[in-house]
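A short worksheet on the structure shown next.
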Number of protein chains: 2
Amino acid sequence: MATEIIFGHLEDVSVGDSFVNYKAMNKVGVHRSSMGGISGRAKDGADSVVISGGYENDSDQGDVIVYTGQGGRNKGGKHDKDQTLTLGNAALVQNLLNAQPVRVIRGEDRKNSFAPASGYRYDGLYRVESYWSEKRVDGFAIWRFRLEQLVATNTIPQPIKKSSKKAIPLGNPSPERVETTVQRVVRDSALSKSLKLHYQHLCQVCDTTIETNSGPYAEAAHITPLGAPHNGPDIWENILCLCPNHHVMFDLGVFSVADDLSLLGITGLITTEEGHAPSLVHLEYHRNHYYKKLIQPLDKG
Amino acid sequence: MATEIIFGHLEDVSVGDSFVNYKAMNKVGVHRSSMGGISGRAKDGADSVVISGGYENDSDQGDVIVYTGQGGRNKGGKHDKDQTLTLGNAALVQNLLNAQPVRVIRGEDRKNSFAPASGYRYDGLYRVESYWSEKRVDGFAIWRFRLEQLVATNTIPQPIKKSSKKAIPLGNPSPERVETTVQRVVRDSALSKSLKLHYQHLCQVCDTTIETNSGPYAEAAHITPLGAPHNGPDIWENILCLCPNHHVMFDLGVFSVADDLSLLGITGLITTEEGHAPSLVHLEYHRNHYYKKLIQPLDKG
DNA sequence: ACCATCGCCGTG
DNA sequence: CACGGCGATGGT
């Protein structure tokens, strides 16, 4: 049955605590994998990841980390196949689907100003904000995960006291011992409102709107996401007006949009109003990076 | 045409800047109302609010503020009617619907440890996370808004430089001059996953699920919200398994649930699986505080 | 039981 | 400092 997976902070480990090597982390359980960068199970989610600068493309801006998945290498360490959404990669996807936090541990890395000078350091909880695939220059696909630091907004009174051990006795019937509250995040830019008005808050996929007593509700979905590493622009051509359901589906790659605005993955098409034409460049970006069905598991050999 | 509403930070005002009085704030535009605590328009949203300790029930925890709406008083300042969702209150609702940030300014208040010693201080951007109604002891209804501080997660490279004025020349076609990115947030607790599994990720309202390539997706909605001032418990009886659309509708009070589990506001009923019974106490809490149609505008006299 | 892995400690 | 071999542990 293996050891217990615990999401969130641990009782005996504080943010900033240092460890000399993997074995020390294994001992206290802050990272339970003996060699791997991702600790967790494909079905349940990842409880921790280690960032050691092993992947040249990884980016670390402190509160935002772009983390590359595992796999795709042969025994010699050379990339010789696509990464797949299995093992640790699949676990990180579960974190996104279930809004589970992941502990982030930074390992020594001279090239990373956020990394410790030596050993490993527990740097707190992050959410898996999104994931997508990229093609390396050698043509092999990798999966990447955007991690965002969870700042403890005052939600549940935190029972954790550094001074006293044996805290967190909430006594609820949770399968996990530690109380965690994570967030799904929907970004909305300055331009969102005008586009939603243009569409009268009707979803461009299903033509429905949510009527509240204070006006209609819809969400603006950026086709190429804002922020690193995508750096999509905040312009009308890069935004769709969607209901929450189709927004989630779009961000998770359940469906995408072809150049003729027909839908891929589900039936239907994107309806447009005069004055708004989604950019073909950005639609292609979404298809290539987010539309999962285009990424087939590679045949052996 | 009135003066221009600008959401987000202003070019010439930094977080922490102080002002001696309302006139000084009016002059630079950080707060454009000459007397009111809420600046903005009912149709467009609120660009700023002032917290001065005028409402005894207001709570300020720094990153989370519970702000009481305006109105309900006669000329003498005494409460003699219900507050309505008009004027500034309606404006704050728009901020929630459109994920627009609101500038928070704290005024002198000895009882508030986060308030400045004198005058007014610009304390940065907050999101309107939720709103609900409460009944005062005298029986009159008030509207309350939970504001959460926006921490600048690294999304768009910030063009704002304190040193140089005249920054932010993004040159995009936005009706606003300042680039802002706000987030709608969906909390998900440690218990959410088990309940969603119990319902096989089917929405308890519409019986649909969102199938991704990596598993089904649903959201857990707390009936009485977690966190101050509601402090709902993180237990199964206080959670519903919903699709994103119905989650938004539930949180915005578009519908609520009667004791017999029939829906109010929309047709249908909550389906339950054996082993899960929503708490009647919490359903009543939601009806009383979130289900807007129970709150009728009071007749004159 | 087998497998995969952002380690670890040697040599050049 | 690069590279290669050894290698333990949890996941499948």
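- Of the side-chain N and O atoms in A:Arg110, one or more sit less than 4.0 angstrom from OP1 or OP2 of D:dC1.
- Under 3.5 Å, the side chain of A:Asp58 and the base of C:dC6 form at least one donor-acceptor pair of N or O atoms.
- One atom, CD of A:Glu56, and another, P of C:dC6, lie 13 Å apart when rounded to the nearest Å.
- Among the nucleotides D:dG7, C:dC8, D:dG11, the one closest to the side chain of A:Ile5 is D:dG11.
- Base contact: A:Gly53 has a heavy atom under 4.0 Å from a base atom.
- With rounding to whole Å, A:Met25 atom CE is found 10 Å from C:dC6 atom C1'.
- Taking the six-membered ring where tryptophan is involved, the planes of A:Tyr285 and A:His230 are perpendicular, since the angle between them exceeds 60° and thus also 30°.
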Between A:Lys78 and A:Asp80, does the salt bridge (Lys or Arg N to Asp or Glu O under 4.0 Å) criterion hold? Intermediate values first, please. CA-CA 6 Å; A:Lys78 268 190 73 73; A:Asp80 66 342; over 6 Å; no
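- Between A:Arg73 and C:dC6 there is no side-chain N or O to OP1 or OP2 distance below 4.0 Å.
- Evaluation of A:Tyr67 against the base of C:dC6 yields a stacking contact (centre distance < 5.5 Å, interplanar angle < 30°).
- Of the candidate nucleotides D:dT9, C:dG7, C:dC6, C:dC6 has the atom nearest to the side chain of A:Gln70.
- Residue order along DNA chain D, read from the 5' end via each residue's closest nucleotide, puts A:Met35 first among A:Ser39 and A:Met35.
- Remark: P of D:dT12 and CG of A:Leu85 are 13 Å apart, rounded to the nearest angstrom.
- Here A:Arg41 reaches the OP1 or OP2 of D:dG11: one of its side-chain N or O atoms lies under 4.0 Å away.
- With no hydrogens or angles considered, no side-chain donor-acceptor pair links A:Asn245 and B:His246 at under 3.5 Å.
- A:Gly76 comes within 4.0 angstrom of no nucleic acid atom, judged by non-hydrogen atoms across all strands.
- For the pair A:Asn74 CG and C:dT5 C1', the computed distance is 13 Å after rounding to whole Å.
- The CG-P distance, from A:Asn26 to D:dT9, rounds to 8 Å in whole Å.
- Relative ring orientation between A:His31 and A:Tyr22 is described as perpendicular, the plane-to-plane angle rising above 60° on a 0-90° scale split at 30° and 60°.
- If you check every strand for non-hydrogen atoms under 4.0 Å, A:Thr86 touches nothing.
- Closest approach to the A:Ser52 side chain among D:dA8, D:dG10, C:dC6 is made by C:dC6 (side chain taken as heavy atoms from C-beta onward).
- Judged by distance alone, the side chains of B:Tyr217 and A:Arg184 do bring a donor and an acceptor atom under 3.5 Å apart.
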Salt bridge (Lys or Arg N to Asp or Glu O under 4.0 Å) between A:Arg287 and A:Asp259, worked out: CA-CA 10 Å; A:Arg287 289 196 300 270; A:Asp259 280 350; 3.2 Å; yes
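- Computed from coordinates, the A:Lys81 NZ to C:dA4 P distance equals 8 Å when rounded to whole Å.
- Annotation: cation-pi geometry satisfied between A:Arg73 and A:Tyr55 (NZ/CZ under 6.0 angstrom from ring centroid, within 45° of ring axis).
- Taking atom OH of A:Tyr22 as the reference point, atom P of D:dG10 lies 14 Å away to the nearest angstrom.
- A ring-centre distance under 6.0 Å is found for A:Phe250 and A:Phe255.
- Pairing analysis of DNA chain C (Watson-Crick: purine N1 to pyrimidine N3 plus N6-O4 or O6-N4; G-U wobble: N1-O2 and O6-N3; both under 3.5 Å) yields stems of 3 or more pairs at C:1-5 with D:8-12, C:7-12 with D:1-6.
- Position along DNA chain C of the nearest nucleotide to A:Lys23 versus A:Gly72 favours A:Gly72 as the more 5'-ward residue.
- As judged by a 4.0 angstrom heavy-atom cut-off over every strand, A:Gly37 is placed among residues touching the sugar-phosphate backbone only.
- If you take CZ of A:Arg32 and C1' of C:dT5, they are 14 Å apart, rounded to a whole angstrom.
- Of all nucleotides listed (D:dT12, C:dC6, C:dG7), D:dT12 comes nearest to the side chain of A:Ala42.
- Checking the phosphate oxygens (OP1, OP2) of C:dC8, a side-chain nitrogen or oxygen of A:Tyr120 falls inside 4.0 Å.
- Counting any heavy atom pair closer than 4.0 Å across all strands shown, A:Tyr55 reaches a base atom.
- Although no hydrogens or angles enter the test, the distance criterion places no donor-acceptor pair under 3.5 Å between the side chain of B:Lys196 and the main chain of B:Pro216.
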